[in-house]
Q: 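Before I ask anything, let me first share the structure, which is written out below as C-alpha cells.
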Amino acid sequence: MKETITQLLDTAVATLQGAGELPADLSPAIKVDPTRDKAHGDYATNLALVLAKPAGCKPRDLADKLIAALPENDAIRRTEIAGPGFINFFAATDAIAGIVSQILDAGDTFGRSLIGAGEKVQVEFVSANPTGPLHVGHGRGAAIGDCLCRLLEATGFDVTREFYYNDAGAQINNLMRSVQARAQGLGPDDEGWPEDGYRGDYIADVAQAYLSGETVTADDREVTAKADPDDGDAIRAFAVAYLRREQDLDLKAFGVEFDVYFLESSLYAEGRVEETVNALVAGGHTYEADGALWLRTTDFGDDKDRVMRKSDGDYTYFVPDVAYHYNKWQRGFTTVIDEQGADHHSTVTRVRAGLQALEVGIPQGWPDYVLHQMVLVTRSGVEVKLSKRAGSYVTLRDLIDEVGRDATRYFLAARRADSQLTFDIDLARSQTNDNPVYYIQYAHARVCSVLRKAENDGLAFDHGVAMANLERLDAPQEKALMNRLARYPDSVERAARAREPHQIAQYLTELASDFHTCYNAQKVMVDDAELRNARLALGLATRQVIGNGLALLGVSAPEEM
RNA sequence: GCGCCUAUAGCUCAACCGGAUAGAGCAACGGCCUUCUAAGCCGUAGGUUGCAGGUUCGAGUCCUGCUGGGCGCGCCA
C-alpha cells in the first residue's frame with residue numbers, strides 16, 4: 001500500500017517535471033507515512049511541503065498539481081489536501097485488507113527482510129568476567145544485546161553473538177585467593193582474608209565444590225577440581241569454570257546463548273597483544289615517559305594520552321582491548337556492535353583511537369556501540385548496591401526466579417538503552433499482572449481462544465472463503481488493526497537500523513491495543529460465514545504478527561493464559 | 001573543572017530521517033461480562049515537553065547557553 005502510493009507520487013513528480021512545473025534535476029526522497037489520526041486518512045505525504053521551495057510555489061498549490069498528476073489507482077479511494085499542504089490518502093478497504101493474506105502467506109517470515117544482505121555482523125554483549133554471578137546490569141545487557149541480534153537476524157544479517165572475558169588477570173587472581181581462603185575455612189571478616197577479596201557467599205560454594213572434587217561443565221570449558229587447597233592454578237581454573245557455568249545457566253534461563261566465547265588470555269597466548277603493541281609503535285603514535293609506554297590517543301580525539309605498558313612491565317587493559325577489536329576486524333566483521341554499560345563509555349574513544357593508530361584501514365568510528373544506562377535496583381524502597389565485592393547485589397537469577405523470564409526480559413528490553421532504569425523488585429513482583437508483557441501475551445492467547453472455539457464449534461477456518469471476503473473487514477477498528485499490521489515490517493527494519501529493540505516492544509503494545517479494541521467491538525464468531533472467515537483470517541494474521549514480534553524479544557507467545 | 005547520557009501527564013515510559021490536535025501503562029473518576037478469556041474495552045480528568053534564545057513553512061526532535069540528575073575522568077577493568 002505504502003509502496004503503491006510512493007510509486008504514484010513518483011509518477012506524478014515525473015509528470016510535473018515533464019510539464020515544466022517542477023525543476024527537472026530534482027529527485028526527491030518521497031516519504032509516505034501512515035497517519036496518526038484516522039481523520040487524516042490511511043497514509044499521508046509531506047511531499048508538497050518539501051518541494052514547495054524548489055518549485056517556487058505555495059505548498060497547497062503544489063499539492064493540487066501533484067494530486068491532479070496522480071495516475072488512477074483502485075487502491076486509493078480519495079485524496080485530500082490538509083493543513084499546510086499535506087496530501088492525505090484514503091485507501092480502499094480491499095487494498096488495506098490485502099495485508100491479511102500477505103501475512104498468512106508469509107507466516108513466520110512476515111516482517112523479515114534482506115536489508116542486511118548476509119553481511120557479517122558481530123555483537124559482543126554481557127562479557128562479564130567470571131568472578132561472580134550475573135547482576136541486573138548484565139541482565140539488561142543480555143536482554144538488549146540478544147534482542148538486537150534477533151532483529152539483525154530478521155533483517156538478513158549474518159550475526160555472531162560473542163562473549164569476551166578476562167580469565168587470567170588480577171581480578172582472577174583475587175578470585176583464586178578468595179576461594180582459597182574459603183577453602184581454608186576463612187570468612188570475609190576473619191584475619192587472613194585477602195584484601196579486596198570477593199565476599200559473596202557464592203565463593204564458599206565454589207570452595208566447597210572444589211574441595212569435593214566436582215567436575216563442572218560450562219559452555220566453553222570443563223574442569224574437574226583437584227581438591228588441593230594449596231594449588232592456586234587448579235583453584236583458579238576450577239573457579240573460572242564454576243562461575244562460567246553459573247553464568248551460562250543464568251543466561252540459558254534467560255533465553256540467551258552465545259556463538260563464541262573469547263578469552264583475554266588467548267590474546268596473550270597467541271601473541272596478539274605483542275603484535276598490537278609492535279604495530280602501534282611502528283605506526284609512530286607511541287612514546288616513552290615516566291618509565292611507561294604511552295599511546296598518543298589525543299591524536300585521535302581522546303582527551304589525554306593513555307598508558308599502554310606500565311612501568312612494572314604489565315600492559316594496561318586497554319592494550320588487549322585494542323588487540324581484541326583488531327582481531328574482530330581481521331575476522332571479517334564489517335560491522336561490530338559492542339553492547340555494554342555506560343559506565344564503561346570511556347573505552348569507546350580509547351579503543352577507536354587505538355584502532356586508528358594501528359593504521360590498518362579500519363574506518364573511523366568503528367566499532368559501533370550500544371551503551372545502556374545503569375540499572376538501579378530497589379527493594380522495600382531501599383537501593384540495593386550492585387557491588388560484587390560487597391556480595392549483596394541482586395542477581396539476574398533472582399529476577400528470573402521472582403519475576404519470571406518473560407517479564408524480566410520484556411522489562412529490561414522495553415526501554416531505550418539511554419534511559420536509566422529503576423528495577424523495583426517489590427513492584428516487579430507485585431505488579432506481575434500489570435506488566436505490559438501480559439497485555440501483549442493476552443492478545444495472543446485471546447486470538448488462540450477464538451480459533452479454538454471455531455474449531456470446537458465445527459466452524460473451522462476456511463481460507464478460500466476468507467480470502468474472497470477480506471473487503472468485509474471494513475469496521476474502523478478492523479481497518480486500524482490492519483493498518484497497524486501492515487506497519488510491522490517497517491517497524492522491524494527501523495528498530496534494526498536504529499539498534500533499538502525497545503521499538504518492537506512499543507509496536508507490540510500498540511498492536512495488542514488495536515487488537516483488544518477490535519475484539520471488544522466486533523464479534524468474530526458470527527453466523528455470516530463470509531464475515532466470520534474474514535475475521536478469523538484477521539485474527540490469524542494478528543496472532544502471526546504478535547508471535548513474530550514476541551520472538552524478536554525472546555518472549556513466549558502463550559496459547560492460553 | 002572536562003567528557004558522555006539524560007530531563008515529556010502525579011509515577012514508569014513512547015513519539016518512526018523535523019510534520020498536522022505530544023501518546024500508552026499505572027494511579028484517580030464514571031460506565032461495560034445471560035454473547036468468542038474482564039490479565040480486556042469505552043469514556044472523563046491529567047502537559048508552557050527543565051529554562052532562555054536560535055534555525056524554518058513547521059521543533060519534544062536540530063544548534064547555542066543555562067539549570068537539575070546519572071555515569072566516567074588511574075601506570076584499575
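Each chain gets a letter, A, B and so on, in the order the sequences are listed, and its residues count up from 1. These values consider heavy atoms only, across backbone and side chains, with no hydrogens, waters or symmetry-generated copies.
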Q: With the threshold set at 4.0 Å, does a side-chain nitrogen-carboxylate oxygen contact exist between A:Asp368 and A:Arg499?
A: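 Judged by the 4.0 Å cut-off on N to carboxylate O distance, A:Asp368 and A:Arg499 do form a salt bridge.
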Q: How many whole angstroms separate atom CD1 of A:Ile440 from atom P of B:rG25?
A: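 In whole Å, B:rG25 P and A:Ile440 CD1 are 12 Å from each other.
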Q: I want to check one thing: is the phosphate of B:rA39, taken as OP1 and OP2, less than 4.0 Å away from some side-chain N or O of A:Tyr442?
A: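 So the side chain of A:Tyr442 is within the cut-off, an N or O lying under 4.0 Å from OP1 or OP2 of B:rA39.
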Q: Show the distances under 3.5 angstrom between N or O atoms of the protein and N or O atoms of nucleotides 42-47 of chain B.
A:
{"unit_1": "B:rC42", "atom_1": "OP1", "unit_2": "A:Thr517", "atom_2": "OG1", "d": "3.0"}

Q: Check each residue of residues 520-530 of chain A for a non-hydrogen atom within less than 4.0 Å of any atom in RNA chain B, then write out the ones that pass by number, or none.
A: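 Residues of residues 520-530 of chain A that come under 4.0 Å of RNA chain B are, in numerical order, A:Asn520, A:Gln522, A:Lys523, A:Val524, A:Met525.
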Q: Could you list all N or O pairs between the protein and nucleotides 75-77 of chain B that sit under 3.5 Å apart?
A:
{"unit_1": "B:rC75", "atom_1": "O2", "unit_2": "A:Ser311", "atom_2": "N", "d": "2.8"}
{"unit_1": "B:rC75", "atom_1": "O2", "unit_2": "A:Ser311", "atom_2": "OG", "d": "2.9"}
{"unit_1": "B:rC75", "atom_1": "N3", "unit_2": "A:Ser311", "atom_2": "OG", "d": "3.4"}
{"unit_1": "B:rC75", "atom_1": "N4", "unit_2": "A:Asp290", "atom_2": "O", "d": "2.7"}
{"unit_1": "B:rC76", "atom_1": "OP2", "unit_2": "A:Lys310", "atom_2": "NZ", "d": "2.6"}
{"unit_1": "B:rA77", "atom_1": "OP2", "unit_2": "A:Tyr317", "atom_2": "N", "d": "2.9"}
{"unit_1": "B:rA77", "atom_1": "O2'", "unit_2": "A:Gln171", "atom_2": "NE2", "d": "3.1"}
{"unit_1": "B:rA77", "atom_1": "N7", "unit_2": "A:Tyr317", "atom_2": "OH", "d": "3.4"}
{"unit_1": "B:rA77", "atom_1": "N6", "unit_2": "A:Tyr317", "atom_2": "OH", "d": "2.8"}
{"unit_1": "B:rA77", "atom_1": "N3", "unit_2": "A:His344", "atom_2": "NE2", "d": "3.3"}

Q: Using a heavy-atom cut-off of under 4.0 Å over every strand shown, decide if A:Gln441 touches base, sugar-phosphate, or nothing.
A: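 Nothing, no heavy atom under 4.0 Å.
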Q: What nucleotide, of B:rC41, B:rA15, B:rG19, holds the atom closest to the side chain of A:Arg416?
A: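 Ranking B:rC41, B:rA15, B:rG19 by closest atom to the A:Arg416 side chain puts B:rA15 first.
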Q: Testing the 3.5 Å rule here: is there a donor-acceptor pair between the side chains of A:Gln477 and A:Asp514?
A: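 Side-chain D/A pair, A:Gln477 to A:Asp514: absent.
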Q: Are A:Asn129 and A:Asn166 linked by a side-chain donor-acceptor pair shorter than 3.5 Å?
A: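 The criterion, which ignores hydrogens and geometry beyond distance, is not satisfied for A:Asn166 and A:Asn129.
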Q: For RNA chain B, just give me the dot-bracket, please: Watson-Crick or G-U, both distances below 3.5 Å, ( ) intra-strand, [ ] crossing earlier pairs, | paired with another strand, . unpaired.
A: (((((((..((((.....[...)))).(((((.......))))).....(((((..]....))))))))))))....
Q: Any salt bridge linking A:Asp528 with A:Arg472? Criterion: basic side-chain nitrogen under 4.0 Å from a carboxylate oxygen.
A: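 Answer for the salt bridge query: yes.
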Q: Counting any heavy atom closer than 4.0 Å, what does A:Ala445 reach on the DNA or RNA strands: base, sugar-phosphate only, or nothing?
A: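 Counting heavy atoms under 4.0 Å across all strands, the contact made by A:Ala445 includes a base.
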Q: Is A:Leu293 close to A:Val277 at the side-chain level, that is, under 4.5 Å between some pair of heavy atoms?
A: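 In contact.
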Q: Using whole Å, report how far CG of A:Leu421 lies from P of B:rC71.
A: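 Computing the A:Leu421:CG to B:rC71:P distance gives 14 Å.
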Q: Give a yes or no on whether a salt bridge exists between A:Arg244 and A:Asp167, defined as a side-chain N under 4.0 angstrom from a carboxylate O.
A: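 Result for this pair is no, no salt bridge flagged.
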Q: Answer yes or no for this row: A:Phe86 ring on B:rA20 base, centroids under 5.5 Å, planes under 30°.
A: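 Yes.
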Q: Distance only, no hydrogens: is a donor on one side chain within 3.5 Å (strictly under) of an acceptor on the other, for A:Tyr369 and A:Glu124?
A: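 Their side chains do not contain a donor-acceptor pair, so the 3.5 Å distance test is not met.
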Q: Taking atom C1' in both B:rC36 and B:rC11, compute the distance separating them and give it to the nearest angstrom.
A: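 About 35 Å, rounded to a whole number of Å.
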Q: What is the distance from CZ of A:Phe411 to P of B:rA14, rounded to the nearest Å?
A: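 Roughly 12 Å, once rounded to whole Å.
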Q: Reckon A:Gln420 touches a base, only the sugar-phosphate, or nothing at all at heavy-atom distances under 4.0 Å?
A: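 Base: the residue A:Gln420, judged by heavy atoms under 4.0 Å, touches a nucleobase.
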Q: Among A:Val450, A:Leu540, A:Val524, which one satisfies side chain to side chain contact (heavy atoms under 4.5 Å, CB included) with A:Arg535?
A: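 With A:Arg535 as partner, side chain to side chain contact (heavy atoms under 4.5 Å, CB included) holds for just one option, A:Val524.
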Q: Apply side-chain contact (heavy atoms from CB on, under 4.5 Å) to residues A:Leu152 and A:Ile337 and explain how you reach the verdict.
A: CA-CA 11 Å; A:Leu152 292 169; A:Ile337 303 170; 3.9 Å; yes
Q: Nearest whole Å is fine: how far is B:rG23 P from A:Leu508 CG?
A: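 Checked: the CG to P distance equals 21 Å.
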Q: Mind calculating the distance between CD (A:Glu560) and P (B:rA39) to the nearest angstrom?
A: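 Spelled out: CD on A:Glu560 to P on B:rA39 is 14 Å.
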Q: So what does A:Arg494 touch, heavy atoms closer than 4.0 Å: a base, only the sugar-phosphate, or nothing?
A: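 Touches a base.
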Q: Is the backbone of A:Arg352 close enough, under 3.5 Å, to the side chain of A:Trp366 for a donor and an acceptor to pair up by distance?
A: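 Looks like no, no N/O pair under 3.5 Å.
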Q: Starting at the 5' end of RNA chain B and moving along, which residue's nearest nucleotide shows up first, A:Gln503 or A:Cys518?
A: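 That would be A:Gln503.
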Q: Identify all pairs in which a protein N or O lies below 3.5 Å from an N or O of nucleotides 57-60 of chain B, and state each distance.
A:
{"unit_1": "B:rC57", "atom_1": "OP1", "unit_2": "A:Lys53", "atom_2": "NZ", "d": "2.8"}

Q: Could you tell me the separation between the NE2 atom of A:His502 and the C1' atom of B:rC16, rounded to a whole number of Å?
A: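 Going from A:His502 (NE2) to B:rC16 (C1'), I get 10 Å.
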Q: Go nucleotide by nucleotide along RNA chain B from the 5' end; which of A:Glu559 and A:Thr35 gets its closest nucleotide reached first?
A: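 This one resolves to A:Thr35.
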Q: Mind checking A:Ala82 for me? I need base, sugar-phosphate or nothing, with any heavy atom below 4.0 Å counting as a touch.
A: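 Base contact.
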Q: Between B:rG70 and A:Thr422, is there an OP1 or OP2 to side-chain N/O distance shorter than 4.0 Å?
A: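 Indeed not, no polar side-chain atom of A:Thr422 lies that close.
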Q: Could you state the CG-P distance from A:Leu371 to B:rU6, rounded to the nearest angstrom?
A: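 Rounded to whole Å, this separation is 11 Å.
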Q: Going by ring-ring contact (aromatic ring centres under 6.0 Å, His included), name the pairs with one or both residues in residues 509-532 of chain A, residues two or more places apart or in two chains.
A: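 Applying ring-ring contact (aromatic ring centres under 6.0 Å, His included) to every pair that reaches into residues 509-532 of chain A, excluding sequence neighbours, yields A:Tyr439-A:His516, A:Tyr442-A:His516, A:Phe515-A:Tyr519.
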Q: Are A:Tyr287 and A:Asp305 linked by a side-chain donor-acceptor pair shorter than 3.5 Å?
A: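 A donor-acceptor contact under 3.5 Å links the two side chains.
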Q: Within the 4.0 Å heavy-atom criterion, would you say A:Asn88 contacts the bases, only the backbone, or no part of the nucleic acid?
A: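 Answer is base: heavy atoms of A:Asn88 come under 4.0 Å of a base.
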Q: Grab the CE-C1' distance between A:Met374 and B:rG69 for me, whole Å please.
A: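 Those two atoms, CE and C1', are 15 Å apart.
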Q: Where does the angle between the aromatic ring planes of A:Tyr164 and A:Tyr324 fall among parallel (under 30°), tilted (30 to 60°) and perpendicular (over 60°)?
A: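 Answer is parallel, since the angle falls under 30°.
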Q: To check you understand the geometry: which heavy-atom pair defines the closest contact between A:Ala63 and A:Ile87, and what is its length?
A: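 So the two residues come closest at CB-CG1, 3.9 Å.
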Q: OP1 or OP2 of B:rA39 versus the side-chain N and O atoms of A:His444: is any pair under 4.0 Å?
A: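 False: A:His444 side-chain N/O out of range (4.0 Å or more) of B:rA39 OP1/OP2.
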Q: So A:His40, base contact, sugar-phosphate only, or nothing? Heavy-atom distance under 4.0 Å.
A: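 Base, at least one base atom sits under 4.0 Å.
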Q: Reckon A:Tyr507 has a side-chain N or O less than 4.0 Å from the OP1 or OP2 of B:rA24?
A: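 Checking A:Tyr507 against B:rA24: no side-chain N or O falls below 4.0 Å of OP1 or OP2.
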Q: For a quick test of reading the model: is some side-chain N or O of A:Arg446 closer than 4.0 Å to OP1 or OP2 of B:rU37?
A: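 It does not, given that no N or O in the side chain of A:Arg446 lies less than 4.0 Å from OP1 or OP2 of B:rU37.
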